[in-house]
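Every chain is numbered from 1 and lettered A, B, ... according to where its sequence line falls, protein lines coming before strand lines.
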Amino acid sequence: MLGAMIKPVRPPRKRAAALLAWYDANRRDLPWRARPGEAPDPYAVWLSEIMLQQTTVATVKGYFARFLARWPTVEALAAAPPDEILAAWAGLGYYARARNLHACAVRVAQAHGGRFPQSEEELRALPGLGPYTAAAVAAIAFDAPCAAVDGNVERVMTRLHAIAAPLRAAKPLIRARTEEMLPPARAGDYAQALMDLGATICTPRAPACGACPLAPDCAAFAAGAAEAYPVKAKKAEKPKRRGAIFILRRGDAAMVTRRPPKGLFGGMTAFPATPFTRDVAPGDWLDFAPCAADWRTLPEPVAHVFTHFALQATVFVAKTRKVSPPGVDCRWAAAGDLDKEGLPTLMRKAAARAGLL
DNA sequence: CAGCCGTGGCC
DNA sequence: TGGCCAAGGCT
């Protein structure tokens, strides 16, 4: 009877074997993923990992295909004008990723002879690669024995071990639990297996525990409380802000400008606008117009929700006959070419509202 | 180190 | 409909 109260959990190595067996039978076929037995392309692995940061697989697929077709190698990407990369990234969000993408490509091309370094430490030193991405590229592209801990893994591990501490405090334990299962070989498959499990079985809501290869070991499942994990801190209330976007028409063209290199939409092409990082009172809006003109507001403001605030942007439109754009970094963009300019989604909404798209 | 940084889809 | 979520990194 001794031990009758102890849950018969398999040792980490057995759990990993069960996970890898499940992965071999259920792995997702993704465009950036090497087929079994084929060598992964480190460039494709890296590019996909950057795009997938806080971004869904469905959204990334189109961007990944376009980038890989246009810039097939890291050298090609390094040689591309940063503006073209930013424009191609438009709509994907978190534009610092695009700036770091190019900076990283240049570094790999120049300092590493066009080959990605294989160690987690060297990868971690590249722009845009944090703890997760460095480990993921090392494991997936080079089979280095590294544990890549992302949101999927955090969910799987907090459930597997019923880790009730809030996520931030739980991170060291989650890492230890992930590393203890790391198989000596197949580190890349292990990383991808955990992500596939998190994406298809161990989902945030309504997890399919009945189909989970780790269910026999899962403390949360045993307690019937899988959905209770991970425990997250309360989120701050999302502020509501107001602002304005200015569309200056000159015949068929509209004035666009280059956003400052950092901050919201850093480096992107956009219409002139009030600051969005704070609420700007309607009475102050015209202070930020690119020039004096007969500015008319469109009837309905454009609504756009960012990660940490919700914006209601009133769109102003005016016509001018001046030949030269009124500001530094300003130029005229033909309405028919606006698609190629690579406008962030908020600016596309404004253009559409003004009838330019 | 908590705040900043996009977007689209889901229920 | 609004909150939550998705393969995080930077400062």
Side-chain angles (χ1 to χ4, degrees), chain A residues 28 30-33 44-64 86 89-101 103-104 123-141 146-156 166-169 171 178 188 190-200 202-207 227 230 232-241 259-268 270 275-278 303-311 342-349:
Chain A
R28 289 178 294 173
L30 299 171
W32 43 85
R33 209 172 251 188
V45 171
W46 162 74
L47 179 61
S48 69
E49 287 298 339
I50 302 300
M51 288 184 167
L52 286 163
Q53 288 168 4
Q54 298 290 285
T55 309
T56 59
V57 166
T59 299
V60 164
K61 279 182 176 173
Y63 284 87
F64 177 81
L86 281 172
W89 196 275
L92 200 51
Y94 287 140
Y95 298 102
R97 290 186 295 173
R99 287 179 262 130
N100 286 329
L101 190 79
C104 181
L123 288 163
R124 177 69 183 81
L126 295 170
L129 283 83
Y132 161 73
T133 307
V137 172
I140 297 171
C146 304
V149 181
D150 72 335
N152 287 304
V153 177
E154 287 173 349
R155 190 167 57 254
V156 169
L167 212 43
R168 177 164 285 283
K171 291 203 183 232
T178 308
Y190 174 62
Q192 294 176 98
L194 284 174
M195 290 178 219
D196 280 16
L197 190 73
T200 65
C202 195
T203 50
R205 292 184 307 268
E227 271 192 88
K232 297 191 174 180
K234 295 174 192 170
K235 304 208 168 169
E237 197 167 326
K238 190 167 291 192
K240 299 187 195 317
R241 293 179 185 161
R259 301 272 305 181
K262 294 188 176 182
L264 192 69
F265 303 140
M268 299 294 289
F276 297 132
T277 45
R278 61 182 173 84
H304 195 71
V305 181
F306 296 91
T307 304
H308 54 296
F309 67 96
L311 178 69
L343 297 176
T345 297
L346 169 65
M347 298 296 165
R348 288 188 62 87
K349 287 183 182 177

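Crowding of Lys240(A) atom NZ: a count of heavy atoms from other residues, nucleotides or ligands under 6.0 Å not exceeding 12.
Rounded to whole Å, the distance from CD on Glu237(A) to P on dG3(C) is 8 Å. dC5(C) atom P lies 9 Å from atom CZ of Arg155(A), rounded to whole Å. In this structure, CD of Glu227(A) is placed 13 Å from C1' of dC5(C), rounded to the nearest angstrom.
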Between Val305(A) and Lys238(A), does the side chain to side chain contact (heavy atoms under 4.5 Å, CB included) criterion hold? Intermediate values first, please. CA-CA 9 Å; Val305(A) 181; Lys238(A) 190 167 291 192; 3.8 Å; yes

Check against side chain to side chain contact (heavy atoms under 4.5 Å, CB included), His304(A) and Phe276(A): CA-CA 11 Å; His304(A) 195 71; Phe276(A) 297 132; over 6 Å; no

Begin with the C-alpha distance, continue with both residues' side-chain angles, and end with the deciding distance and a verdict on side chain to side chain contact (heavy atoms under 4.5 Å, CB included) for Leu194(A) and Asp150(A). CA-CA 9 Å; Leu194(A) 284 174; Asp150(A) 72 335; over 6 Å; no

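Within the 4.0 angstrom heavy-atom criterion, only backbone atoms of the sugar-phosphate kind lie near Thr277(A); the bases stay farther away. Base contact: Leu30(A) has a heavy atom under 4.0 Å from a base atom. Within the 4.0 angstrom heavy-atom criterion, no nucleotide atom of any strand lies near Lys238(A). Counting any heavy atom pair closer than 4.0 Å across all strands shown, Val153(A) reaches no nucleic acid atom. Ile50(A) comes within contact range of no nucleotide atom at all, as no heavy-atom separation falls under 4.0 Å. Using a 4.0 Å heavy-atom distance criterion, Gly91(A) is classed as a sugar-phosphate-only contact. At the heavy-atom level, Val60(A) lies nowhere under 4.0 Å from the strands shown. Using a 4.0 Å heavy-atom distance criterion, Trp46(A) is classed as making no nucleic acid contact.
Rounded to whole Å, the separation between the C1' atoms of dG8(B) and dT1(C) comes to 15 Å. Nucleotides dG9(C) and dC1(B) place their C1' atoms 13 Å apart, quoted to the nearest Å. Atom name C1', nucleotides dA6(C) and dG6(B): the rounded distance is 12 Å, in whole Å.
A search for side chain to side chain contact (heavy atoms under 4.5 Å, CB included) contacts involving Pro127(A) returns Asn100(A), Ala103(A), Cys104(A), Arg107(A), not counting sequence neighbours.
Summary of the strand contacts: Lys240(A) and Thr203(A) both lie near DNA chain C, and taking for each the nucleotide with the nearest heavy atom, the more 5' one is attributed to Lys240(A). DNA chain B is contacted by both Leu343(A) and Arg168(A); Arg168(A) maps to the nucleotide lying nearer its 5′ end (nearest heavy atom per residue).
With hydrogens and angles left out, the side chain of Arg28(A) and the base of dA7(C) share a donor-acceptor pair within 3.5 Å.
Formation of a donor-acceptor pair under 3.5 Å by the Thr203(A) side chain with backbone atoms of Ala199(A) is not found in this model. Remark: the backbone N or O of Phe309(A) is not paired with any side-chain donor or acceptor of Arg241(A) at under 3.5 angstrom.
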Do any N or O atoms of the protein come closer than 3.5 Å to N or O atoms of nucleotides 8-11 of chain C, and which pairs are they?
residue	atom	partner	partner atom	Å
dG8(C)	OP1	Gly151(A)	N	3.3
dG8(C)	OP2	Gln54(A)	N	2.9
dG8(C)	OP2	Gln54(A)	NE2	2.9
dG8(C)	O5'	Gln54(A)	NE2	3.4
dG8(C)	O3'	Thr133(A)	OG1	3.4
dG9(C)	OP1	Gly130(A)	N	2.8
dG9(C)	OP1	Gly130(A)	O	3.4
dG9(C)	OP1	Thr133(A)	N	2.8
dG9(C)	OP1	Thr133(A)	OG1	2.6
dG9(C)	OP2	Tyr132(A)	N	3.3
dC10(C)	OP1	Gly128(A)	N	2.8

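With Met51(A) as reference, Leu92(A) is the one residue of Leu92(A), Leu101(A), Thr59(A) to meet the side chain to side chain contact (heavy atoms under 4.5 Å, CB included) rule.
Geometrically, Arg259(A) does not engage Phe265(A) in a cation-pi contact defined by less than 6.0 Å to the ring centre and at most 45° from the axis.
Running 5' to 3' along DNA chain B, contacts with non-hydrogen atoms of chain A at under 4.0 Å begin and end at dA2(B) to dG8(B).
Aromatic ring centres of Trp89(A) and Tyr63(A) lie farther apart than the 6.0 Å criterion allows.
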